[in-house]
Amino acid sequence: EVQLQASGGGLVQAGGALRLSCASSGFTPDDYSIGWFRQAPGKEREEISCISNNDGSTYYADSVKGRFTISSDNAKNTVYLQMNSLKPEDTAVYYCATIRTIVVVGTKWHFYGMDYWGKGTLVTVSS
C-alpha cells in the first residue's frame, strides 16, 4: 500500500524557515517523482516543486524559486522541502504527492497522474 505523510509545518515569522518532510512507503524512489503542492484558503492548488525520479532534476514554481529547495533521501524514502525567507503569502496547507508523468514545456513542468497524496501540513507565516 502506497502511503505518504507530510510533516514539519508550523507557525513562523516572516523571514523565517521551515523544513517539510514527506515520508513514503509502499513504493521505491524509482517508481514516482515526488511533488510538493500547496493550497491557501480561497485559492487554487499550486504546484510548487518537484524532484524527478529519472535523474533527480528539480523544478520550482516562480513563486518559490530561490527560496525553497527540494531534496530527497532515498535511504529514508523521504523528500524534503526546505523553505527559507518565508513570506505571509506562503501561508497554506502543503501536500506531497506522487507524480507519474512530467511534461516539460519550456521552463514549465506540468504534472500528471498524482495518484497518491499525503495529508497536508499547515504552514502559517506571520507578518
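For the single chain, residues carry numbers from 1 onward in sequence order. Below, each value reflects all heavy atoms present in this structure, side chains not excepted, and no hydrogens, waters or symmetry copies.
The pair Lys65-Asp62 meets the salt-bridge criterion, with a side-chain N (NZ, NE, NH1 or NH2) lying under 4.0 Å from an Asp/Glu carboxylate O.
Remark: Met83 CE to Arg38 CZ distance equals 8.5 Å, nearest 0.5 Å. Interatomic distance, OG of Ser57 versus CD1 of Ile51, reported as 8.0 Å (0.5 Å rounding). Rounded to the nearest 0.5 angstrom, Ile48 CD1 and Asp90 CG are separated by 8.0 Å. Ser63 OG to Lys87 NZ: the interatomic distance, rounded to the nearest 0.5 Å, is 8.5 Å. Between atom OG of residue Ser52 and atom CD1 of residue Ile34 there is a gap of 11.0 Å, rounded to the nearest 0.5 Å. Taken from CH2 in Trp36 to OG in Ser49, the straight-line distance is 9.5 Å, to the nearest 0.5 Å.
Residue pairs meeting the ring pair (Phe, Tyr, Trp, His ring centres under 6.0 Å) criterion with at least one member in residues 60-104: none, sequence neighbours excluded.
Taking hydrophobic clusters as Ile, Leu, Val, Met, Phe, Trp and Tyr residues chained together by side-chain heavy-atom distances below 4.5 Å, Trp109 shares a cluster with Phe37. Cluster membership for Trp117 and Phe111, using ILVMFWY side-chain heavy atoms within less than 4.5 angstrom, is shared. When hydrophobic clusters are built by joining Ile, Leu, Val, Met, Phe, Trp and Tyr residues whose side-chain heavy atoms come closer than 4.5 Å, directly or via intermediates, Val93 is grouped together with Met114.
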Handout entry: side chain to side chain contact (heavy atoms under 4.5 Å, CB included) assessment of Leu4 paired with Val2
Key = CA-CA 7 Å; Leu4 295 96; Val2 174; 4.1 Å; yes
Problem - Asn53 vs Ser33, side-chain hydrogen bond (donor to acceptor under 3.5 Å, both in side chains): CA-CA, chis, key distance, verdict - result: CA-CA 5 Å; Asn53 63 325; Ser33 299; 2.9 Å; yes
Practice task
For Thr28 and Asp30, run side-chain hydrogen bond (donor to acceptor under 3.5 Å, both in side chains): C-alpha distance rounded to whole Å, both residues' side-chain angles, the deciding distance at 0.1 Å, then the answer.
Solution key: CA-CA 5 Å; Thr28 68; Asp30 288 342; 5.0 Å; no
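Nearest heavy atoms, Gln39 versus Lys43: NE2-O, 3.1 Å.
With sequence neighbours excluded, no residue forms a disulfide bond (SG atoms under 2.5 Å apart) with Cys50. By the side-chain hydrogen bond (donor to acceptor under 3.5 Å, both in side chains) test, Ser71 pairs with no residue at all, sequence neighbours left out. Applying the ring-ring contact (aromatic ring centres under 6.0 Å, His included) rule to Phe27 yields the partners Tyr32; only residues at least two apart in sequence or on another chain are considered.
Remark: the backbone N or O of Lys76 is paired with a side-chain donor or acceptor of Thr78 at under 3.5 angstrom. In terms of modelled atom types and a separation under 3.5 Å, the side chain of Thr91 and the main chain of Val125 share a donor-acceptor contact. Of the possible polar contacts, one joining the Arg67 side chain to the Ser85 backbone as a donor-acceptor pair under 3.5 Å is found.
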Please output the side-chain donor-acceptor pairs of residues 5-24 that fall under 3.5 Å, not counting sequence neighbours, one pair per line with the distance.
from: Ser24; atom 1: OG; to: Asn77; atom 2: O; distance (Å): 3.1

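Clustering of Ile, Leu, Val, Met, Phe, Trp and Tyr by side-chain heavy atoms under 4.5 Å joins Val105 with Val103, Tyr112.
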